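A quick note: this is a predicted structure, and the numbers were derived from the prediction, not measured. Letters go in sequence order (proteins before strands), and every chain restarts at 1.
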Amino acid sequence: MIASHLLILLVFSLLVSAVFATLLRDDTRERLRFGLLSFAAFVLSAIVLGWVMGPFPS
Amino acid sequence: MAAETTAAPARSGVLPACLLAWVLPGAGHLYLGRRAKGLLFLGAIGALFLLGVAMKSRLQLYLGLEDPLALLFSIAQMAVGAPYFLARALGFEAGQVTATTYEYGNTFTAVGGLLNILVILDAHDTAVGRKR
């Protein structure tokens, strides 16, 4: 199965962004724009949060 | 979407649309004639759930009140509808807590169900004419 954490993050972000964009926007162009922004927000926020948590191991 | 702006008005039948949307993600929209939306929901939520199961997610069935978080988690997973019950019937309910992907799998299956709740609400709004 998927073993790469980054790949799991990308797949999750892609699928959830696709559903959000379809639910929240009616126009195709708007959906694409919203979906891309949402995808980027998911991925970037996860990477930034992961980086910030680096100095604080459990 | 262009195809949807020219689609026929939603069929009546709010209850069947909502029930179908719960039983199979996207089926409510397909019933209402919103083919593109329905197929996208079916593909995306179906993929989230299937990947979650493949990543050894536990398919929890807890309906008690002693552990509210477990109850909420069960409700979230059950919201994906027939695939959840089918996967449990096929023996995938236990998951594998030692698997590296176990927590990812739990997240995928629960989020799939939570998204399906939004899809059910969208099917309702479409059926009553509040949305295209």
(Q) Using modelled atom types and a 3.5 Å cut-off, is there a donor and acceptor pairing between side-chain atoms of B:K131 and backbone atoms of A:L23? (A) yes

(Q) Can you confirm whether more than 12 heavy atoms, excluding those of B:L90, are under 6.0 Å from its CG atom? (A) yes

Are [Y] and [X] linked, directly or through intermediate hydrophobic residues, by side-chain heavy-atom contacts shorter than 4.5 Å (ILVMFWY only)?
{"X": "A:F42", "Y": "A:I47", "result": "no"}
{"X": "A:L44", "Y": "A:L49", "result": "no"}
{"X": "B:L32", "Y": "B:L121", "result": "no"}
{"X": "A:L7", "Y": "B:V111", "result": "yes"}

Q: Show your working on side chain to side chain contact (heavy atoms under 4.5 Å, CB included) between B:L51 and A:L15 and close with a plain yes or no.
A: CA-CA 11 Å; B:L51 285 170; A:L15 294 172; 4.2 Å; yes

Q. Taking all non-hydrogen atoms of both residues, which atom of B:A44 and which atom of A:V19 are closest, and how far apart?
A.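 Taking B:A44 first and A:V19 second, the nearest heavy atoms are CB-CG2, 3.5 Å.
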
Q | Shortest non-hydrogen separation from B:M55 to A:I8 and the atoms involved | A | SD-CD1, 3.9 Å

Q: Sequence neighbours left out, what passes side chain to side chain donor-acceptor pair (under 3.5 Å) with B:Q96? Give chain and number order.
A: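 Testing B:Q96 for side chain to side chain donor-acceptor pair (under 3.5 Å), a comparison that skips the adjacent residues, returns B:T98.
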
Q: Please round to the nearest 0.5 Å and tell me the distance separating atom CG of B:L118 and atom OG1 of A:T22.
A: 12.0 Å

Q) Taking the six-membered ring for Trp, are A:F12 and B:F108 parallel (under 30°), tilted (30 to 60°) or perpendicular (over 60°)? A) tilted

Q) Side chain, backbone, both or neither: which part of B:L48 has a non-hydrogen atom closer than 4.5 Å to chain A? A)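 Both backbone and side chain.
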
